[in-house]
> 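Could you have a look at this structure, given as structure tokens, before my questions?
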Amino acid sequence: MAGTILMTAYSTVLQVRFGHVDPAGIAYFPRIFDYVHDVFEEVWELHVGTRYYHLLLEEKIGFPLVHSEVDFKKPLRFGDRPIVSVTCFKLGRTSIGLRYRFMLGDEVHLEARMITVSTHLETMEPFPISDEFRKRFELLLEPGATVASGTRAEPTTASQRPHP
């Protein structure tokens, strides 16, 4: 298709369970942040190829949340099974911006934008995202995404990290 920009998104399905809704019968808003983080961990495991707990517990590398925005367009209700699509709107030197779209059919029910920063957990200092991880997130880049240029970094392992 001439002139068409192809973008890959990571997609998964969630289920809104009875314990996830408030007395109004809709997903309680803090639960949305739980859903987003569940999908974030799934992206690491199934798209990037590294279990998030391995990064945290063994490599002592984290990606803490530094900015979040959520637009609630339509409620999610008990029994709903939204498809969540994840794309990358920002790939900085040390940060990753991911967009999460929760869809039921053709309708967007909510959209979240989360920015996390690559951090050494022992020092809580940011450091460049490894080349290995960047390549995987580049596959999710949206058209017009913000990308830091010349930011390739070598993979970092626990033995290569500076110690305080």
Side-chain angles (χ1 to χ4, degrees), residues 6-21 27-71 76 78-104 108-143 145-148 151-161:
L6 299 177
M7 175 182 64
T8 300
Y10 176 84
S11 294
T12 191
V13 177
L14 294 178
Q15 183 169 342
V16 179
R17 299 189 183 279
F18 178 76
H20 299 173
V21 300
Y28 183 49
F29 78 91
R31 178 61 71 177
I32 300 306
F33 286 88
D34 285 338
Y35 290 155
V36 169
H37 190 76
D38 289 347
V39 173
F40 176 77
E41 287 188 34
E42 188 175 314
V43 166
W44 275 98
E45 182 172 353
L46 300 179
H47 176 74
V48 178
T50 300
R51 294 187 74 182
Y52 195 61
Y53 88 88
H54 173 80
L55 286 176
L56 292 173
L57 300 179
E58 296 178 27
E59 297 295 327
K60 305 294 188 212
I61 296 170
F63 283 81
L65 181 66
V66 296
H67 182 79
S68 66
E69 297 175 19
V70 180
D71 292 322
L76 292 173
F78 171 55
D80 284 347
R81 294 181 56 87
I83 295 173
V84 183
S85 296
V86 181
T87 54
C88 184
F89 67 87
K90 177 182 190 274
L91 188 54
R93 187 179 73 78
T94 62
S95 63
I96 301 169
L98 298 177
R99 181 186 318 272
Y100 303 79
R101 282 193 182 91
F102 289 63
M103 306 277 297
L104 284 170
V108 176
H109 279 243
L110 72 95
E111 182 175 293
R113 290 170 39 112
M114 305 289 171
I115 298 176
T116 60
V117 172
S118 175
T119 304
H120 290 300
L121 295 180
E122 292 170 348
T123 64
M124 293 309 290
E125 293 295 322
F127 70 98
I129 298 165
S130 74
D131 190 39
E132 172 189 4
F133 297 157
R134 288 187 69 77
K135 287 178 184 176
R136 298 304 298 163
F137 284 104
E138 285 172 353
L139 296 174
L140 301 178
L141 284 174
E142 299 176 353
T146 303
V147 179
T151 56
R152 296 266 186 221
E154 293 304 312
T156 303
T157 64
S159 62
Q160 295 172 315
R161 287 196 328 268

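Only a predicted model underlies this, so the values are computations on that prediction, with no experimental measurement involved.
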> Once rounded to the nearest 0.5 Å, what's the spacing between atom NE2 of H20 and atom CZ of R31?
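So the NE2 of H20 and the CZ of R31 are separated by 4.0 Å.
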> With heavy-atom distances below 4.5 Å as the criterion, would you say the side chains of V108 and D71 are in contact?
no
> Taking all atoms of both residues into account, what is the closest heavy-atom pair of G62 and L56, and its distance?
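Taking every non-hydrogen atom into account, CA-CD2, 3.8 Å.
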> Evaluate the side-chain proximity of F89 to R113: yes if any heavy-atom separation is below 4.5 Å, no if none is.
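Result yes, sub-4.5 Å side-chain heavy-atom pair found.
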> Rounded at 0.5 Å granularity, tell me how far CZ in R101 sits from CG in L110.
11.0 Å
> Side-chain contact, heavy-atom cut-off 4.5 Å: L76 with I32?
yes
> Using a strict cut-off of less than 4.0 Å between a Lys/Arg side-chain nitrogen and an Asp/Glu carboxylate oxygen, indicate whether R134 and D131 qualify as a salt bridge.
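Salt bridge: no.
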> In Å and rounded to the nearest 0.5 Å, what is the CD to CZ distance from E69 to R99?
9.0 Å
> Do the side chains of F40 and T116 get nearer than 4.5 Å, heavy atoms only?
yes
> Checking R136 side chain against H47 main chain: does a donor-acceptor pair fall under 3.5 Å?
yes
> Measure across V117 and T119 and return the closest heavy-atom pair with its distance rounded to 0.1 Å.
O-OG1, 2.9 Å
> Do Y10 and L139 have side chains that approach each other closer than 4.5 Å (heavy atoms only, starting at C-beta)?
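Not in contact.
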> Step by step, would you call L141 with T87 a side chain to side chain contact (heavy atoms under 4.5 Å, CB included)?
CA-CA 6 Å; L141 284 174; T87 54; over 6 Å; no
> Is there a side chain to side chain contact (heavy atoms under 4.5 Å, CB included) between W44 and H54? Walk through the geometry before answering.
CA-CA 10 Å; W44 275 98; H54 173 80; over 6 Å; no
> Taking atom CG as the centre, does L57 end up with more than 12 heavy-atom neighbours from other residues, nucleotides or ligands that are less than 6.0 angstrom away?
yes
> Do the side chain of Y52 and the main chain of F63 share a donor and acceptor less than 3.5 angstrom apart?
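Confirmed, Y52 side chain pairs with F63 backbone.
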> Going by distance alone, is a donor N or O of one side chain under 3.5 Å from an acceptor N or O of the other, for T94 and S118?
no
> Could you report the tightest heavy-atom contact between C88 and A145, atom names first, then the distance?
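Distance-wise, the nearest heavy atoms are O-CB, 3.7 Å.
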> Looking at S95 and I129, what are the two nearest heavy atoms and their distance?
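The answer is O-CD1, 3.5 Å.
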> Determine, step by step, whether V70 and Y100 satisfy the side chain to side chain contact (heavy atoms under 4.5 Å, CB included) criterion, reporting the C-alpha distance in whole Å, the side-chain angles of both residues, the deciding distance to 0.1 Å, and the verdict.
CA-CA 9 Å; V70 180; Y100 303 79; over 6 Å; no
> Measure the CG-CD distance between L14 and E42 for me, rounded to the nearest 0.5 Å.
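Reported value, rounded in 0.5 Å steps: 7.5 Å.
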> Drop me the distance from I115's CD1 to L65's CG, to the nearest 0.5 angstrom.
9.0 Å
> Does the side chain of L91 reach to within under 4.5 Å of the side chain of I96, using non-hydrogen atoms?
yes
> Working to the nearest 0.5 Å, report the span between CD of E142 and OG1 of T8.
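Going from the CD atom of E142 to the OG1 atom of T8 covers 12.0 Å.
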> Would F102 and Y35 count as a side chain to side chain contact (heavy atoms under 4.5 Å, CB included) if you check the C-alpha gap in whole Å, the side-chain angles of each, and the deciding distance to 0.1 Å?
CA-CA 10 Å; F102 289 63; Y35 290 155; 4.0 Å; yes
